[in-house]
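Some notes on the structure that comes next.
We name chains A, B, ... by the order of the sequence lines, and we start the count at 1 in each one. The figures here come from the full heavy-atom set of this structure, side chains too, leaving out hydrogens, waters and symmetry mates.
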There are 2 protein chains.
Amino acid sequence: MAFVALTQHDNEQILSQLIDESIIVDPQSPKGRLLGTAATLFRDRGFDKTTVRDLAKAIGIQSGSLFHHYPNKQEILKQVMQQAILLNIRRVEMALSLNHTIKDKLLALILCEFQALILDTSAHISVLVFEWRALNEENQTIMLELRDEYEQYWIDILAQAQQQGMINIDHYILRRLLNGAINWSLNWYKPNGDLSLKQLANMTLQMVLNNHATTK
Amino acid sequence: MAFVALTQHDNEQILSQLIDESIIVDPQSPKGRLLGTAATLFRDRGFDKTTVRDLAKAIGIQSGSLFHHYPNKQEILKQVMQQAILLNIRRVEMALSLNHTIKDKLLALILCEFQALILDTSAHISVLVFEWRALNEENQTIMLELRDEYEQYWIDILAQAQQQGMINIDHYILRRLLNGAINWSLNWYKPNGDLSLKQLANMTLQMVLNNHATTK
DNA sequence: TGAATAACCAAGCAAGCGCTTGGGGTGACT
DNA sequence: AGTCACCCCAAGCGCTTGCTTGGTTATTCA
């Protein structure tokens, strides 16, 4: 009954399944490469400071040709974010199903969120976190609905953790504190340093757990 | 020996003293009003999406007249951020001097940071947190030096807290988690809701404290 | 009272921006 | 063989951007 993390193979399988279901565009296709390149540029330079000419040049096409794939720049931003959430919802669902104690499920959520920020979806998720305000109002509403779906998994687990006495502050507020703590890692965590993501996730878990209840 | 928070009077006195020392520009002066207006606009719309025409209109002058006060838009951003840090360093120094136990000093740091984000310096600090990447490289270096000065107060207190067994994870990492958790409050905390900043600060403290050591 | 300095206006320039237009090439399927 | 979708190019339009220029008015202080 030890903690189980998603393997790279798990992640790839989830991805290819979502491609089959036409929920996510194949990163190999022209549209997919466009979104991937856009995600990287938006993360590195910001949405506003990335021009359609920058993006087109990075892909190797003319700037006008972008608008064959997407009607405008805003839509590209929306797609980058949407794909990021949809993929990570699936990953969270699978990670939760692989673990059975509340403590392990909580650790799974924390680790998933760190991985989403740092590993293969890093560019997309970074954009989601830091370029939120570049979304127009209509798209913000759409993304909020998707985020709520994702957040529900957190709230459920945290509510149970509170019932069991594992945490001792309001679980809605705890989620927000945790969300900030984890998202902020984008600003400082170095993937090739001494600290692994699993270690970081464990430390984060330890920070929030009521120590009386967690000596196992 | 109960916890002591800064009063509004304390904060005002610190401000006027910094004006006297010419470290901060008087918010009543033209330059000061310009910075305050800029801070608000930069927070609400983002730096890139705030045009010099927007800013000038909000102040009530022509857009070209802005450049009588500051040589370019980037310099305005830098000043907004710099003033924010300089003021809050002073506030932290005073808040620390008013409290004597490590636990109270830690609570003071947490509360100060929440207050900086939410209360009178909200606009300036929000810009500092969320418009960091709009700074050019040179200015980022300058601001980093100032931030280090501020961070040193946190590191000192957290190191002592760790020595006393009040916290049980690496204090450098804890600072980053806490920094993220607190900064993120900008995205959700409502100043006029049921939750006061003191309550929120207390909950945050409770989250990080090793519960064995804190039953007082 | 006179001179310096600070605060501002009116007009506009050069560059960069998102996006449009009209067309051409290519491969897949019928 | 024909056609239809897909993918892309070349050129540039209309607009907004940060900032400049040359000059006017208000304020301060010797």
Side-chain angles (χ1 to χ4, degrees), chain A residues 19 22 24-42 44-81 127 131 133-140, chain B residues 19-20 22 24-81 127 131 133-140:
Chain A
I19 295 172
S22 297
I24 279 188
V25 284
D26 187 350
Q28 311 291 336
S29 72
K31 282 197 178 193
R33 277 187 295 113
L34 194 162
L35 288 185
T37 310
T40 306
L41 288 177
F42 291 168
D44 293 344
R45 311 184 191 178
F47 178 72
D48 289 315
K49 286 194 172 166
T50 303
T51 70
V52 292
R53 287 167 179 83
D54 290 336
L55 177 53
K57 192 175 180 183
I59 303 171
I61 60 175
Q62 294 295 106
S63 67
S65 305
L66 287 177
F67 300 95
H68 163 74
H69 298 284
Y70 295 100
N72 49 55
K73 193 185 167 194
Q74 170 75 205
E75 183 65 21
I76 298 176
L77 176 65
K78 178 196 168 187
Q79 290 299 328
V80 166
M81 293 183 174
V127 172
E131 299 297 331
R133 296 189 325 179
L135 274 183
N136 64 29
E137 217 170 325
E138 181 188 350
N139 285 336
Q140 281 193 8
Chain B
I19 295 171
D20 287 346
S22 297
I24 280 187
V25 284
D26 188 349
Q28 311 292 337
S29 71
K31 283 196 177 194
R33 276 188 296 115
L34 193 161
L35 288 184
T37 311
T40 306
L41 288 177
F42 292 167
R43 177 191 58 183
D44 293 344
R45 311 184 190 178
F47 178 73
D48 290 316
K49 286 194 172 165
T50 303
T51 69
V52 293
R53 287 168 179 79
D54 291 336
L55 177 52
K57 192 176 180 184
I59 303 172
I61 60 176
Q62 294 296 105
S63 67
S65 305
L66 287 177
F67 301 94
H68 162 75
H69 298 284
Y70 294 100
N72 48 56
K73 194 185 166 193
Q74 170 76 206
E75 182 66 21
I76 297 175
L77 177 64
K78 178 194 166 187
Q79 290 299 328
V80 165
M81 293 184 174
V127 172
E131 299 297 331
R133 295 189 326 181
L135 272 183
N136 64 29
E137 217 169 325
E138 182 189 349
N139 285 337
Q140 281 194 8

*asked:* I want to check something: taking the side chain as every heavy atom from C-beta on, are A/L66 and A/I59 in contact at a cut-off of under 4.5 Å?
replied: yes

*Tell me, which of residues 48-81 of chain B have any heavy atom that sits under 4.0 Å from an atom in DNA chain C?*
B/R53, B/G60, B/I61, B/Q62, B/S65, B/H68, B/H69

*Distance in angstrom units between A/Q28 CD and D/dC6 P, rounded*: 20 Å

*Measure the shortest side-chain to side-chain distance between A/L55 and A/I76 over non-hydrogen atoms and say whether it is less than 4.5 angstrom.*
yes

_A/E131 bridged to B/R133 by N-O distance under 4.0 Å_ = yes

*Rounded to the nearest Å, what distance is computed from the NZ atom of residue B/K31 to the C1' atom of nucleotide D/dT27?*
16 Å

_Tell me which one of B/H69, B/H68, B/Q79 satisfies side-chain contact (heavy atoms from CB on, under 4.5 Å) with B/K31._
B/H69

*Start with the C-alpha distance between A/K73 and A/F47, add both sets of side-chain angles, then the distance that settles side-chain contact (heavy atoms from CB on, under 4.5 Å), and finish with yes or no.*
CA-CA 9 Å; A/K73 193 185 167 194; A/F47 178 72; 3.8 Å; yes

